[in-house]
Amino acid sequence: AVRALCAVDPDLARVAAGIATLPTRDRPAGFRGLASIMVQQQVSLASAAAIWARLEARLGAVTADRLAAESDAVLLACGLSRPKLRYLRAAAAAVADGSLQLQALPGMPVAAARDALTAVTGIGRWTADIYLLSALGHPDIWPAHDLALQVALQAAKGLPDRPAPKAMDAIAESWAPHRSMAARLLWAHYRVIKGRDAV
């Protein structure tokens with residue numbers, strides 16, 4: 001996949017040349033993986049990790065049933081905001097009533113799987129794409145709403161402004177069917193340009 005991307009895009013070839021190792025960013029499939037991604041929405045990775053650790057300490061395995069059974073007060077004390085608690089409860093309810101069948105997503109076309117996820121309150125395209133990429137390992141997912149990818153793509157392409165999601169999608173069209181690998185390359189590039197990894 002990396003070789004194919006480098007062959008079609010010289011900017012990605014330059015990015016790949018500066019990456020020592022690629023992050024996997026893998027997550028478990030199922031409610032636990034989805035919930036962990038939802039916790040990461042619009043907060044720093046450090047904050048999300050702290051909240052998730054408190055949730056796991058309280059609930060043990062983070063399942064739809066255990067989350068649904070816990071009180072608002074306890075979950076809020078773990079660091080969840082009220083909107084995020086509402087979204088997690090909506091996801092747990094959708095799993096419990098069968099309106100969201102996570103086990104069916106791997107066999108569905110990407111658009112249909114994304115639609116099934118985003119039909120749940122609080123799950124937008126970013127969350128759906130990150131789940132499909134990192135929990136299900138789909139090879140051709142492009143999380144165009146991801147801020148780090150936008151910053152990394154701006155740097156890689158020498159763009160004057162950070163690209164909006166529509167522009168991100170247009171740029172990535174030629175990378176199909178390896179857009180998930182392009183995302184991994186650019187996430188690694190983001191760490192390099194932010195000084196978190198050595199080139």
Side-chain angles (χ1 to χ4, degrees), residues 22-150 165 168 179-180 183-184 187-188 190-191 196:
L22 282 173
T24 58
R25 292 178 173 246
D26 291 339
R27 293 177 173 85
F31 183 78
R32 179 173 177 268
L34 178 62
S36 71
I37 295 166
M38 294 178 73
V39 167
Q40 285 187 347
Q41 292 172 165
Q42 299 180 331
V43 298
S44 70
L45 291 177
S47 294
I51 293 167
W52 188 252
R54 289 193 289 269
L55 283 172
E56 287 193 312
R58 177 67 195 197
L59 301 179
V62 179
T63 66
D65 289 344
R66 289 184 182 181
L67 190 139
E70 195 54 85
S71 71
D72 284 0
V74 166
L75 296 174
L76 290 170
C78 290
L80 294 172
S81 65
R82 288 194 178 275
K84 195 160 290 188
L85 172 57
R86 185 169 66 252
Y87 300 154
L88 285 168
R89 287 208 185 280
V95 168
D97 68 20
S99 57
L100 176 60
Q101 297 185 14
L102 293 174
Q103 71 279 7
L105 297 181
M108 297 168 64
V110 169
R114 185 182 286 133
D115 287 347
L117 287 162
T118 56
V120 178
T121 299
I123 298 180
R125 178 175 160 181
W126 181 86
T127 301
D129 283 350
I130 297 298
Y131 183 80
L132 293 172
L133 190 159
S134 63
L136 299 189
H138 196 286
D140 196 33
I141 300 296
W142 176 241
H145 290 256
D146 188 86
L147 177 60
L149 286 185
Q150 292 171 4
M168 294 276 288
R179 284 173 285 195
S180 295
R184 293 184 190 280
W187 275 321
Y190 178 82
R191 293 185 62 84
R196 297 174 188 173

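Computed over heavy atoms, backbone and side chain alike; hydrogens, waters and symmetry mates excluded. Being a predicted model, the structure only gives us computed values, none of them experimental.
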task: Check the pair L136 / I141 against side-chain contact (heavy atoms from CB on, under 4.5 Å), numbers first and verdict last.
output: CA-CA 10 Å; L136 299 189; I141 300 296; over 6 Å; no
Of all heavy-atom pairs between [X] and [Y], which one has the smallest distance, and what is that distance?
X    : Y    : answer
A94  : V120 : CB-CG2, 3.9 Å
L102 : G30  : CD1-C, 3.5 Å
M108 : A116 : CE-CB, 4.2 Å
L59  : L67  : CD1-CA, 4.2 Å
M38  : A91  : SD-CB, 3.9 Å
A183 : P143 : CB-CD, 4.0 Å

query: Should the heavy atoms of other residues, nucleotides or ligands under 6.0 Å from CD of Q42 be counted, would the total exceed 12?
result: no
message: Set out, in order, the CA-CA distance, both residues' side-chain angles and the distance that settles side-chain contact (heavy atoms from CB on, under 4.5 Å) for D72 and L85, then state yes or no.
response: CA-CA 8 Å; D72 284 0; L85 172 57; 3.6 Å; yes
message: Considering only residues two or more places apart or on different chains, which pairs with a residue in residues 73-87 satisfy side-chain hydrogen bond (donor to acceptor under 3.5 Å, both in side chains)?
response: none
Nearest 0.5 Å, please: how far is [atom2] in [Y] from [atom1] in [X]?
X    : Y    : atom1 : atom2 : value
D146 : D129 : CG    : CG    : 9.5 Å
I123 : L88  : CD1   : CG    : 9.0 Å
L149 : Y190 : CG    : OH    : 10.0 Å

statement: Sorted by chain and residue number, the side-chain contact (heavy atoms from CB on, under 4.5 Å) partners of R54 (sequence neighbours excluded) come out as A50, I51, C78
field: Contact list for residues 99-146, test ring pair (Phe, Tyr, Trp, His ring centres under 6.0 Å), sequence neighbours left out
entry: W142-W175
query: Do we see a donor-acceptor contact under 3.5 Å between the side chains of D65 and T63?
result: no
- request: Go through the steps to decide whether I130 and Q40 satisfy the test side-chain contact (heavy atoms from CB on, under 4.5 Å), and finish with yes or no.
  value: CA-CA 11 Å; I130 297 298; Q40 285 187 347; 5.5 Å; no
task: Output, in order, the C-alpha distance, side-chain angles, deciding distance and verdict of side-chain contact (heavy atoms from CB on, under 4.5 Å) for L34 and L100.
output: CA-CA 11 Å; L34 178 62; L100 176 60; 4.0 Å; yes
